[in-house]
Amino acid sequence: MTAAGLAAALAGEYRLPVTRLITLTGSRMRNKRSQLRQFETACPGWRFEPLDKANIDLAFGLERLWQTDPAADKAQLELVRDSFRLLAQGRLPGGILRDNHREYGYAITTPPTTEAIILVLRSLPVPAGSAAMVYRETAKLLLTGCPTLGSINLGNLGGRQEQLLRQSYCPKQTCEK
């Protein structure tokens with residue numbers, strides 16, 4: 001499956017301007033700003049790093065928790081496997097949420113042009129505010145590689161990001177087809 005094919009797998013329409021995800025400006029983002037401040041105060045050593053060949057195994061180790069569940073959606077697992085294959089080839093960007101001791105989650109997106117789509121978002125249970133951090137840092141990462149990026153389409157994740165980032169590693173679809 002190609003990167004374009006992966007993007008087509010998501011039919012959601014929840015776009016946010018990339019600058020708004022980075023700055024969290026506006027009254028609608030007030031709760032995210034507050035949660036992010038609380039998260040950064042409570043978890044000062046946490047960071048979101050770009051996924052590359054040096055740390056892709058860390059994200060894949062997290063994914064194994066979902067891959068071993070017999071109730072996991074086969075189409076979802078196929079999307080994730082294709083995303084990892086393209087990520088390893090350097091054709092998709094992504095990042096990993098971690099502290100100094102372990103990894104907690106990762107995100108993989110489509111290649112940025114004028115818009116990027118978050119394809120995969122997985123996480124172990126994490127404190128509130130981590131979703132805002134993941135989106136902010138993903139937006140920064142994508143904007144660095146593509147200054148013309150205008151928006152990020154959260155696809156079917158829209159409005160459920162905190163729920164998804166707090167879920168246990170019991171698999172639930174995070175990128176519904």
Side-chain angles (χ1 to χ4, degrees), residues 1-24 29 32 47-67 72-98 103-123 126 130-165 167 171-177:
M1 184 179 282
T2 65
L6 289 172
L10 294 175
E13 294 292 325
Y14 187 71
R15 291 178 174 84
L16 287 175
V18 69
T19 53
R20 192 166 184 197
L21 282 172
I22 292 172
T23 61
L24 298 174
M29 301 300 255
K32 294 290 177 217
R47 60 198 178 278
F48 189 76
E49 302 171 348
L51 277 171
D52 55 26
K53 291 183 180 184
N55 63 7
I56 192 171
D57 288 337
L58 300 175
F60 195 67
L62 281 172
E63 182 55 33
R64 285 188 191 108
L65 298 172
W66 284 275
Q67 296 282 336
D73 181 282
K74 302 302 182 223
Q76 168 70 17
L77 295 179
E78 183 68 25
L79 175 73
V80 170
R81 278 193 288 276
D82 286 343
S83 297
F84 267 105
R85 183 178 51 76
L86 293 169
L87 180 73
Q89 295 171 0
R91 295 171 53 199
L92 291 180
I96 188 163
L97 178 65
R98 59 188 309 215
E103 298 71 44
Y104 293 92
Y106 68 90
I108 301 175
T109 73
T110 59
T113 52
T114 56
E115 177 178 275
I117 300 174
I118 297 211
L119 293 172
V120 181
L121 176 67
R122 302 269 208 187
S123 177
V126 291
S130 60
M133 179 185 186
V134 167
Y135 286 137
R136 181 189 69 189
E137 297 303 319
T138 299
K140 286 180 184 178
L141 172 73
L142 295 173
L143 196 57
T144 301
C146 180
T148 60
L149 180 66
S151 64
I152 294 181
N153 187 340
L154 304 180
N156 291 318
L157 300 174
R160 298 187 305 139
Q161 61 265 35
E162 283 296 327
Q163 170 194 347
L164 294 172
L165 280 171
Q167 75 184 21
K172 292 183 181 176
Q173 277 194 307
T174 56
C175 297
E176 300 166 357
K177 281 194 157 192

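Smallest separation of non-hydrogen atoms from Lys53 and Ala88: CE-O, 3.5 Å. Counting all heavy atoms, side chain and backbone alike, Leu21 lies closest to Ala139 at CB-CB, 4.0 Å. In terms of heavy-atom proximity, Leu16 sits nearest to Met29 at CD1-CE, 4.5 Å. Closest of all the heavy-atom pairs between Ile96 and Gly105 is CG1-O, 3.3 Å. Across every non-hydrogen atom of Leu24 and Ala132, the tightest pair is CD1-CB, 4.4 Å. The shortest heavy-atom contact between Phe48 and Ala107 is CZ-CB, 4.2 Å.
For the side-chain hydrogen bond (donor to acceptor under 3.5 Å, both in side chains) test, residues two or more places apart in sequence or in another chain that qualify with Glu49 are Arg47, Arg98. Considering only residues two or more places apart in sequence or on other chains, Thr23 meets the side-chain hydrogen bond (donor to acceptor under 3.5 Å, both in side chains) condition with Thr25. For Pro17, the side-chain contact (heavy atoms from CB on, under 4.5 Å) partners are Thr19, Arg20, not counting sequence neighbours. Leu149 meets the side-chain contact (heavy atoms from CB on, under 4.5 Å) test with Val18, Pro112, Ala116, Leu142, Leu143, Cys146, Ile152; sequence neighbours excluded.
The distance from the CZ atom of Phe60 to the CG atom of Leu51 is 12.5 Å, given to the nearest 0.5 Å. Atoms CG and CG, on Leu62 and Leu97 in that order, are 9.5 Å from each other to the nearest 0.5 Å. In this structure, OG1 on Thr138 lies 8.0 Å from OH on Tyr135, to the nearest 0.5 angstrom.
Sorted by first and then second residue, the salt bridge (Lys or Arg N to Asp or Glu O under 4.0 Å) pairs involving residues 109-120 (not counting sequence neighbours) are Arg15-Glu115. The salt bridge (Lys or Arg N to Asp or Glu O under 4.0 Å) pairs that include a residue from residues 55-65 are Glu63-Arg122, where partners are two or more places apart or lie in different chains.
Taking 4.5 Å as the limit, every side-chain heavy atom of Arg85 sits out of range of all side-chain heavy atoms of Arg81.
With hydrogens and angles disregarded, no donor-acceptor distance shorter than 3.5 Å links the side chain of Asn55 to the backbone of Gly95.
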